[in-house]
Each structure stands twice: as C-alpha cells, then as structure tokens.
**Student:** 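One structure, pasted below without further comment.
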Amino acid sequence: MRATAALLEQPGQPFVLTEVDLDEPRPDEVLVRLAGVGICGTDLEFATFFPTPALLGHEGSGIVEKVGAHVTSVRPGDSVTMSFASCGTCTLCRTGSPAYCRSFDAVNFSGRRPDGSTAVTHEGREVNAHFLGQSSFASHVVAPQRAVVRIDSSLDLLRAGPFGCGFQTGAGGVLNVLQPRPGSSIAVFGAGAVGVAAIIAASLSGCAVVAAVDVNPAKLEAARGYGATHTVDSSAGPAADQLAALVPEGFDFVIDTTGREDVLRTAVESLGPLGRAGVIGVGPSESMSFDWRSILNGRSVTGIIGGSSLPQVFLPKLLELNAKGQFPVEKMITYFPFEQINEAVAAVRSGAVGKAVLTF
C-alpha cells in the first residue's frame, strides 16, 4: 500500500515528504494508521548518521487497520500506541525485561527486520526503516506485534504517542528503577520532556526534594509546575555548589537525561552515601569518566533503557494517570501538522517547545 512519509535522504539534511510503498503485514506484524507522532531527541540524534534513505520516528499512536495471522494482542479498529521492539525469545524478554533484549540494537537500530528485509520502499529503492519498531514519521506503519500496545479508545490518541518513548523513559527511570521512598531527595539533570516525566514521577513518589537542573531558565520555571521543589540554573554558577547548598549531605538519587560527560560527573558527585544515579540520556558524549572516589560509600550508576518497562503493562498505567490529571505532560505538547515536520524539528532543537507532536 501507499503511505505518506518524511524521508531522510541524506544524514543531517531536512526531511522530505514523499510517497512510499509498504508491505502487507506479515503474520506477526500490524498495520497502523497514524494519528500522531512525537519528535524525540533520539530521532534528531540518529538523523545525523543513520544509513539513508531512512524513515525515522518512534513515538507513534493511531488505529490498527490490519493484523497478521498470528497477531492476538490487537485487532482492527483498536487504538494503540507504539514503543520499542524486542525479540521475545531471549531470556531477558521472557523474564519481563524487553528493554534489555539481547537483540535490542538489531531489532531497533538496524533499519531492517530480523531477516534483513524492509517493509518500506521508495521508487524501487529499499528504505532503512523499522526504527525502534516503528518508523512512524509516516501516515501508516508496519510494526511487529511486540511494539504495539493497545490502549483505551477513550484516550486522546494525539497525546498518547510520546508515552511510548520520552515520557515512559523518564517516568520509568524513577518508578521502575530508582523507586525513591517518600521523603527522599532527587536531582533531575535536564528539564526537557524526559526530565519533566522524571520530575512528575518523583513528585508522585513523595520525594521531599525534587531539584531540576538545566541551563534554560524558562524550562526551570516550567519544571516547578510539574512538581520540582527547587531549581538549579547551571548557567548561573557551578551546579555542584548549588546542589550542595540544597542537600549538604548529598542526594539520595539523581537522573541524567543529557548524555553529557560533564553533567553526569556532576550528578554522580552530588550523591550521598548509598546514592543511586540513573543514566537515561543519549547525547553528545561518547564516554563517561569519574574520579574513583565518586562511587565509594555505596554509590551506584545504572544505565536505563525505555524506563526498564514492559510497555504493554506500564504504558496503560501512565496513560491512566494522565487521564486522571496526575501526569499532566500535555501542558508541554505543541502540535504541528505532519507537513511541518522540519519546522517542528527546528522548534525542538531550539528549545522553543517542550514536546512536538505531528498530527495527520
């Protein structure tokens, strides 16, 4: 079938709207008609180097149009959001940890199905697609069943897409991994969409101190509306000194969403004894380094993918919290028509919007 897509013809170049051809869904695949798709920092990062021609996008939501013969979790007409793919057969998938699937890179970042094929072609050329199980910068998606999550039909589909990655990642890092006790302290480095989700989750967990750390005063001011009890403007002076003034004995938990070596070092060094650092961000730094004394006294550093969630369980819970007004991320969403994808990308890069969602 034909679909409208935003192709990346060359790394680092603007997206080009065009028509592509999609395969019919295989026995374990689902055809979804998109209602909306969020733009995530991971899309922008991979757009600088992913093999082209490429179809990115991984925060999609919509309506199921067709299902393969072996699909049992959804049926045509269901409202769905989509998340990362996983093999479903390795030990980690079978024990409820698909975010750490042993084939995670192959099934999410190769641009291909496990057998090396692609469901997307453009003018006879094979397109590198299947990005994080979706490639949802398109009007329609052929996705594996394991990447598709059925949600209640009463939920706002346009709002649901970013829960599949950004919001799930930030919230899951707190709720599923760090699990802070009431009265504890946490610092969240980076007050973008992922950081805000972590701040809301920390507030829901009853943390007494929720410190948002960023260089953007507008983001810090907004963070207070999401539950941050304190803000640290690291452009106004060393963040380490400001954090030490807030919690002299050291924080119980920190979350880094920036992927910057200097920021993560500050985060780890701000921990108190037995403090735990969650590393979420994919950013510009290829390596991380610490003074060896930084992780004495029981401190630990944990890498977190996809909020360590089982999407079919975690996403409906988050969306239910949102529907009840307890996870109010919709305040940061700005909607753009799909045709304005490049304008939306520019707004995300500049920090003019918290979360951009493209609508179809």
Side-chain angles (χ1 to χ4, degrees), residues 25-32 37-38 40-43 46 56-62 64 67-68 70-74 78-116 119 129-136 141-151 160-179 194 197-198 201 255 257 278-282 302-321:
R26 290 182 174 181
D28 64 340
E29 293 179 335
V30 179
L31 175 67
V32 178
V37 55
C40 176
T42 303
D43 294 312
F46 274 78
L56 301 177
H58 65 285
E59 291 188 341
S61 57
V64 175
V67 300
H70 299 165
V71 173
T72 58
S73 60
V74 295
D78 281 347
S79 295
V80 296
T81 190
M82 291 177 281
S83 193
F84 56 82
S86 53
C87 74
T89 58
C90 72
T91 302
L92 293 169
C93 283
R94 288 181 176 273
T95 54
S97 297
Y100 305 105
C101 171
R102 296 190 186 278
S103 300
F104 193 90
D105 285 356
V107 298
N108 286 288
F109 300 129
S110 69
R112 302 288 168 144
R113 294 181 173 113
D115 67 0
H130 306 280
F131 184 64
L132 277 158
Q134 306 173 41
S135 285
S136 47
V141 168
V142 174
Q145 176 179 207
R146 289 182 60 80
V148 178
V149 180
R150 183 184 178 277
I151 61 175
F163 281 81
C165 182
F167 299 152
Q168 168 180 249
T169 297
V174 175
L175 299 175
N176 295 335
V177 181
L178 298 184
Q179 300 181 3
V194 176
I255 286 272
T257 72
V279 182
I280 290 177
V282 176
T302 302
I304 303 170
I305 295 175
S308 286
S309 75
L310 181 58
Q312 285 73 13
V313 174
F314 191 59
L315 291 184
K317 290 181 178 178
L318 274 189
L319 286 163
E320 182 179 353
L321 287 172

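Keep in mind that the numbers below use all heavy atoms, side chains included, and drop hydrogens, waters and symmetry copies.
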**Student:** Please examine the side chains of Val142 and Leu31, heavy atoms only from C-beta on, and report whether any two atoms are closer than 4.5 Å.
**Tutor:**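 Leu31 vs Val142: side chains touch.
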**Student:** How close do Val67 and Val74 get, heavy atom to heavy atom, and via which atoms?
**Tutor:**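 Smallest interatomic distance, heavy atoms only, reads CG1-O, 3.8 Å.
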**Student:** When you measure from the side chain of Gln134 to the backbone N and O of Ala143, does any donor-acceptor pair fall under 3.5 Å?
**Tutor:**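 Flag not set: sc Gln134 to bb Ala143 has no pair under 3.5 Å.
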**Student:** Quick one, Phe314 and Leu175 - any side-chain contact, counting heavy atoms below 4.5 Å?
**Tutor:**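 SC-SC contact between Phe314 and Leu175 confirmed.
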**Student:** Tell me the closest heavy-atom pair linking Asp28 and Val71, and the distance in Å.
**Tutor:**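 Heavy atoms of Asp28 and Val71 come nearest at C-CG2, 3.8 Å.
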**Student:** Short question: side chain of His130, backbone of Ser110 - any donor-acceptor pair under 3.5 Å?
**Tutor:**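 Side chain of His130 to backbone of Ser110: no pair is present.
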**Student:** Is a side-chain N or O of Ser136 found less than 3.5 angstrom from the main chain of Gly57, in a donor-acceptor match?
**Tutor:**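 Answer holds: yes.
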**Student:** If you look at every heavy atom in Pro144 and Ala85, which pair is closest and at what distance?
**Tutor:**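 Closest pair (atom of Pro144, atom of Ala85, distance): CG-CB, 4.1 Å.
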**Student:** So Pro98 and Pro311, do their side chains get closer than 4.5 Å, heavy atoms only?
**Tutor:**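 Sidechains of Pro98 and Pro311: in contact.
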**Student:** Quick check: does any side chain N or O of Arg94 sit under 3.5 Å from a backbone N or O of Thr89, one acting as donor and the other as acceptor?
**Tutor:**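 A pair under 3.5 Å: yes.
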**Student:** Specify the closest pair of heavy atoms between Ala197 and Gly166, including all atoms of both residues, with the distance to one decimal.
**Tutor:**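 Looking at all heavy atoms of both residues, the closest pair is CB-O, 4.4 Å.
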**Student:** Using the six-membered ring wherever Trp is involved, compare the ring planes of Phe131 and His58 and label them parallel, tilted or perpendicular (cut-offs 30° and 60°).
**Tutor:**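 Taking His58 first and then Phe131, their aromatic rings stand perpendicular (interplane angle over 60°).
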**Student:** Check whether any side-chain heavy atom of Leu132 lies under 4.5 Å from a side-chain heavy atom of Glu59, and answer yes or no.
**Tutor:**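 No, too far: nothing below the 4.5 Å cut-off.
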**Student:** Rounded to the nearest 0.5 Å, how far apart are OG of Ser103 and CG of Asn108?
**Tutor:**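 So the gap between those two atoms works out to 10.0 Å.
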**Student:** Please check this pair: side chain of Ser308 against backbone of Ile304, looking for a donor-acceptor N/O pair closer than 3.5 Å.
**Tutor:**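 No; zero donor-acceptor contacts below 3.5 Å.
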**Student:** For residues Gln168 and Ser83, is any side-chain donor paired with an opposing acceptor at under 3.5 Å?
**Tutor:**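 Side-chain D/A pair, Gln168 to Ser83: present.
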**Student:** Closest heavy-atom contact between Val313 and Pro316?
**Tutor:**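 Nearest heavy atoms, Val313 then Pro316: O-CD, 3.5 Å.
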**Student:** Quick check: does any side chain N or O of Gln179 sit under 3.5 Å from a backbone N or O of Asn176, one acting as donor and the other as acceptor?
**Tutor:**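 Answer holds: yes.
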**Student:** How close do Ile280 and Gly170 get, counting heavy atoms only, and between which atoms?
**Tutor:**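 That would be CD1-CA, 4.3 Å.
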